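Small disclaimer: the values here were computed from a predicted structure and weren't measured. Counting begins at 1 with the first residue of the sequence. Start at 1 and go down the list; that is how both ligands and their atoms are numbered.
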Amino acid sequence: MSFTNQEKFADSPRRWALRGDLLDFTAAPRWGDTESAAVRFDRDHWLLIEDGRIVGRQAAEPDETWARRDHAGRLVLPGFIDTHVHCPQLEVIASYGSELLDWLERYTFPAERAFADAARSRAGAEIFLDALLASGTTAAVVFPTVHKVSVEALFDGAAARGMRLVTGKVLMDRHAPDGLRDDVVQAERDCIDMINRFHGRGRNAYAVTVRFAPTSTPAQLAMAGALCRADASLYMQTHVAENRAEVAWVAELFPQARSYLDVYDGAGLLHERSVLAHGIWLDPQDRTVIADRGAQVAHCPSSNLFLGSGLFDWPGAPFKVSLASDVGGGTSLSLPRNMGDAYKVQALRGERLTAWAALHAATRGAAEALRLGDEIGGLSVGQMADICVWDWARGPVAEARDAVARELHERVFAWMTLADERNLAACYVAGRPVA
Ligand code: GUN
Ligand code: ZN
């Protein structure tokens, strides 16, 4: 471990107050509403933080028993939640020239093989978690690799930072190169061992992690489903219906299934804690099944544009939608950058994504979809103080744009379209400064 809690967070008072323009949500905003009662905006207010939790929010300056961090004139948001991102793929971000299946073979699998080495896994997890925090992401649902050490490194690194993290060993017992395949018996043993050691410890939670249908045998999918059935508090994460060639391959591999999604449903992998990345090429029945099972889709706009995967139908979605970077298919860990891309995806479909829908999907919406709404995703009393402070504008272009914005939505929309990690002024996890 490169640092301990004590070293990194030594300077944080137990009881302190944060000043700024507070923005979060009290409900889900309706699609298309630029004015929404679901938006809670308190200009120049104070958040009171004690022992890592929010204990008050008020207009009045707190008394002198409270230490202060004065960010007057800055935007204060809940830390972002990235519901789908790959730790070992930082090194293949921005790789040229292919669609999903070729991109996996050429770039992704070779990079993931290196994580068999424990030291490489630890170093990779450290860089990755610090990069998330530097982007304003304080909680994440993460793909490591097939290797146990890659999972242990992430859980340990997140615990050292106090972050909320959901991850689990990638299951792959076929159609993957040497060094990246497991087998059903060993994989099950490894999952059970790590569930016992990490799941529900502090802010760590375990996700049964099926890479995608093509890389698991029916026997492995059944094993994964049995793990989910045995403990309803476990998460499940996978990819579904991202790319047309992928969908065609799944149809060949599973001729008896009604659809790609049906492969997962048949194995018992769809439930309230399932996070399905992409979900572009689904039919109406699939979309209803996802909603009926209480699962969510992690929408990955930057990845979908970069890999040419397709345009996600967000406005008609009957299920919960969260926002995700999908780095290294995605080209930025920054969720504001991904919000900007999400707007462009909808624009290509003739739709418009409001700043409220985008921000909600990266905060409260994601938290609720993960059944973690009491803990993260908002700035309410009782929630953990996972908070980011943002400059409304950085640089002359954004400053000029911000200066002429009139309504709140206009201002926040310009922020989400132009901001990136350079706008991040401060980031707190459980009340402690981490970036
Ligand atoms: N489908 C299976 N594996 C992956 C992956 O690593 N990234 C993306 N974007 N899609 C996948
Ligand atoms: Zn992915």
Side-chain angles (χ1 to χ4, degrees), residues 82-95 97-115 124 128 132 137 140-147 150 154 166-177 180-182 207-216 220-221 224 235-250 253-254 260-261 263-264 269 274-282 296-312 322-333 335 338 341 345:
D82 188 340
T83 54
H84 181 77
V85 58
H86 297 255
C87 167
Q89 294 180 16
L90 278 191
E91 280 180 12
V92 294
I93 193 170
S95 289
S98 49
E99 283 202 4
L100 175 65
L101 299 176
D102 177 56
W103 175 84
L104 286 172
E105 294 281 345
R106 271 166 72 182
Y107 302 113
T108 313
F109 288 156
E112 294 191 10
R113 238 190 336 222
F115 278 62
F128 171 76
L132 284 183
T137 295
V141 183
V142 182
F143 263 67
T145 65
V146 73
H147 313 102
S150 74
L154 274 169
V166 179
T167 192
K169 187 198 111 61
V170 175
L171 298 167
M172 286 206 276
D173 67 346
R174 65 169 172 175
H175 297 138
L180 278 187
R181 284 188 312 277
D182 53 16
V208 173
T209 301
V210 174
R211 182 178 208 114
F212 68 158
T215 45
S216 285
Q220 188 171 63
L221 295 173
Y235 289 89
M236 196 289 294
Q237 58 174 343
T238 192
H239 299 86
V240 69
E242 174 179 2
N243 167 290
R244 277 179 286 196
E246 170 210 19
V247 174
W249 191 22
V250 172
L253 291 170
F254 297 90
Y260 187 162
L261 185 86
V263 173
Y264 298 144
L269 290 165
S274 300
V275 183
L276 305 167
H278 307 292
I280 298 167
W281 304 102
L282 298 168
Q296 66 171 299
V297 168
H299 171 40
C300 310
S302 141
S303 169
N304 297 163
L305 292 170
F306 184 73
L307 294 176
S309 301
L311 305 175
F312 175 62
S322 56
L323 195 71
S325 70
D326 193 31
V327 162
T331 51
S332 176
L333 287 175
L335 286 184
N338 277 277
D341 283 344
V345 166

Interfacing atoms of ligand 1 (cut-off 4.0 Å, heavy-atom, Arg211)
2 (C), 3 (N), 4 (C), 5 (C), 6 (O)

Identify the protein heavy atom lying closest to atom 10 (N) of ligand 1, giving its residue, its atom name and the separation to 0.1 Å.
Glu242 OE1, 2.7 Å

Within the distance-only criterion (no hydrogens, no angle test), does the side chain of Glu246 pair as donor or acceptor with the backbone N or O of Glu242 below 3.5 angstrom?
yes

Regarding atom 7 (N) of ligand 1: of the candidates Trp103, Phe143, Phe212, which has the closest heavy atom?
Trp103

Taking Ser332 for the side chain and Asn338 for the main chain, is one N or O donor matched with an acceptor at less than 3.5 Å?
no

Student check: side-chain heavy atoms of Gln89 and Phe143 closer than 4.5 Å:
no

Keeping Thr145 on the side-chain end and Leu180 on the backbone end, is there a donor-acceptor pair under 3.5 Å?
no

Cut-off under 2.8 Å, centre the Zn ion (ligand 2), protein N/O/S atoms:
His84 NE2, His86 NE2, His239 NE2, Asp326 OD1

Working to the nearest 0.5 angstrom, can you tell me the gap between Glu91 CD and Glu112 CD?
11.5 Å

For ligand 1, which atoms sit closer than 4.0 Å to a heavy atom of His278?
9 (N)

Gln89 N/O to ligand 1 N/O under 3.5 Å:
yes

Considering only heavy atoms, which of Asp326, Asn304, Val327 lies nearest to atom 9 (N) of ligand 1?
Asp326

Would the distance check show the side chain of Thr209 and the main-chain N or O of Gly168 forming a donor-acceptor pair, the cut-off being under 3.5 Å?
yes

Quick one: does His239's side chain get under 4.5 Å of His84's, heavy atoms only?
yes

Hey, is the main chain of Val170 close enough, under 3.5 Å, to the side chain of Arg211 for a donor-acceptor pair?
no

Determine whether Tyr235 and Val141 make a side-chain contact, defined as any pair of heavy atoms from C-beta on separated by less than 4.5 Å.
no

Heavy atom under 4.0 Å from ligand 1: found in Thr215's side chain, backbone, both, or neither?
neither

